[in-house]
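Data block below; observations after.
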Amino acid sequence: MKAWQLLERKGWCKGAAARDGRGRPTSIHSPHAVRFCLVGALLRCYYRDGEGLSMGWVSLREAIGDDFGKWNDRKQSGKPVVALLKRLDL
C-alpha cells in the first residue's frame, strides 16, 4: 500500500506520527492507529522496504525541504498531504 492510500483509507493527523480512535498519540505499528501524519504514513507503509523508505525521504526533501513534521502540522487538512504523496507516488 502507498502512503497516500493509507491516508485516504485511514485518515490524516498532525502533532503525532499516529493517533488512535480517541485522538491519542500511538505507535504507527499499533493495531489501534487510525490516523497518520505524513511521516507516520511513510514509515507505516515502507518501514520494511529500506530502499523505498530512503527514496521516499529523498523525494520529500526535494519537494518540501527537511522539516517534514512541521510541513505536515501547518496543514489544516490532509488533502495537501495526500496530494503531495500522490504526486510523488509514495
Side-chain angles (χ1 to χ4, degrees):
M1 176 184 306
K2 303 268 184 178
W4 68 266
Q5 292 170 317
L6 177 68
L7 292 181
E8 282 192 340
R9 290 179 187 165
K10 289 280 201 167
W12 170 81
C13 70
K14 59 184 179 178
R19 293 190 180 273
D20 67 15
R22 292 183 162 183
R24 297 176 301 199
T26 190
S27 166
I28 61 165
H29 303 296
S30 170
H32 303 291
V34 297
R35 294 182 296 157
F36 300 86
C37 77
L38 171 67
V39 173
L42 200 67
L43 289 170
R44 171 82 175 238
C45 292
Y46 296 102
Y47 76 98
R48 290 188 178 169
D49 176 4
E51 185 175 340
L53 187 58
S54 292
M55 298 293 281
W57 295 138
V58 169
S59 295
L60 282 174
R61 189 169 290 114
E62 289 172 355
I64 62 173
D66 287 329
D67 200 339
F68 310 137
K70 190 176 280 187
W71 184 89
N72 178 86
D73 290 353
R74 286 194 304 253
K75 303 303 174 216
Q76 296 302 310
S77 79
K79 287 181 182 181
V81 179
V82 171
L84 172 68
L85 290 169
K86 279 184 176 181
R87 183 168 54 89
L88 299 176
D89 194 30
L90 296 171

Legend entry - Between OG on residue Ser59 and CG on residue Leu88, distance to nearest 0.5 Å: 5.5 Å
Legend entry - Minimum-distance pair of heavy atoms, taken over all atoms of Ala63 and Leu84: CB-CD1, 3.9 Å
Legend entry - Point-to-point distance, once rounded to the nearest 0.5 Å, from CE of Met1 to CG of Leu7: 10.0 Å
Inset, instruction - Quick one: pull up CZ in Arg74 and CG in Asp67 and give me the separation to the nearest 0.5 Å. - result: 7.5 Å
Inset, instruction - Identify the two heavy atoms, one from Arg35 and one from Asp20, that lie closest to each other, and give their separation to 0.1 Å. - result: NH2-O, 4.4 Å
Inset, instruction - Before giving the answer on side-chain contact (heavy atoms from CB on, under 4.5 Å), spell out for Cys13 and Arg19 the whole-Å C-alpha distance, their side-chain angles and the decisive distance to 0.1 Å. - result: CA-CA 7 Å; Cys13 70; Arg19 293 190 180 273; 3.9 Å; yes
Inset, instruction - Check the pair Met55, Val58 against side-chain contact (heavy atoms from CB on, under 4.5 Å), reporting the backbone distance first and the verdict last. - result: CA-CA 5 Å; Met55 298 293 281; Val58 169; 5.7 Å; no
Inset, instruction - Determine whether Lys14 and Gln76 make a side-chain contact, defined as any pair of heavy atoms from C-beta on separated by less than 4.5 Å. - result: yes
Legend entry - Pairwise distance CG(Leu85) to NZ(Lys2) - rounded to 0.5 angstrom: 10.5 Å
Inset, instruction - Might you point out which heavy atoms bring Pro80 and Trp71 nearest each other, and give the distance in Å? - result: O-CH2, 3.8 Å
Inset, instruction - Apply side-chain contact (heavy atoms from CB on, under 4.5 Å) to Trp57 and Leu42, showing your working. - result: CA-CA 9 Å; Trp57 295 138; Leu42 200 67; 3.3 Å; yes
Inset, instruction - For a side-chain contact (heavy atoms from CB on, under 4.5 Å) with Trp12, tell me which candidate from Val81, Val82, Leu38 qualifies. - result: Val81
Inset, instruction - Locate the shortest heavy-atom distance separating Tyr46 from Leu90; write the atom from each residue and the value. - result: OH-C, 3.4 Å
Legend entry - Closest approach of Pro25 to Ala16 (non-hydrogen atoms, all atoms of both residues): CB-CB, 3.9 Å
Legend entry - Point-to-point distance, once rounded to the nearest 0.5 Å, from OG of Ser30 to NE2 of His32: 5.0 Å
Legend entry - Donor-acceptor under 3.5 Å (Arg44 side chain, Ile28 main chain): yes
Inset, instruction - List the steps and the verdict of side-chain contact (heavy atoms from CB on, under 4.5 Å) for Glu8 and Lys86. - result: CA-CA 11 Å; Glu8 282 192 340; Lys86 279 184 176 181; 3.0 Å; yes
Legend entry - Atom pair CH2/SG of Trp4 and Cys45 - distance to nearest 0.5 Å: 11.0 Å
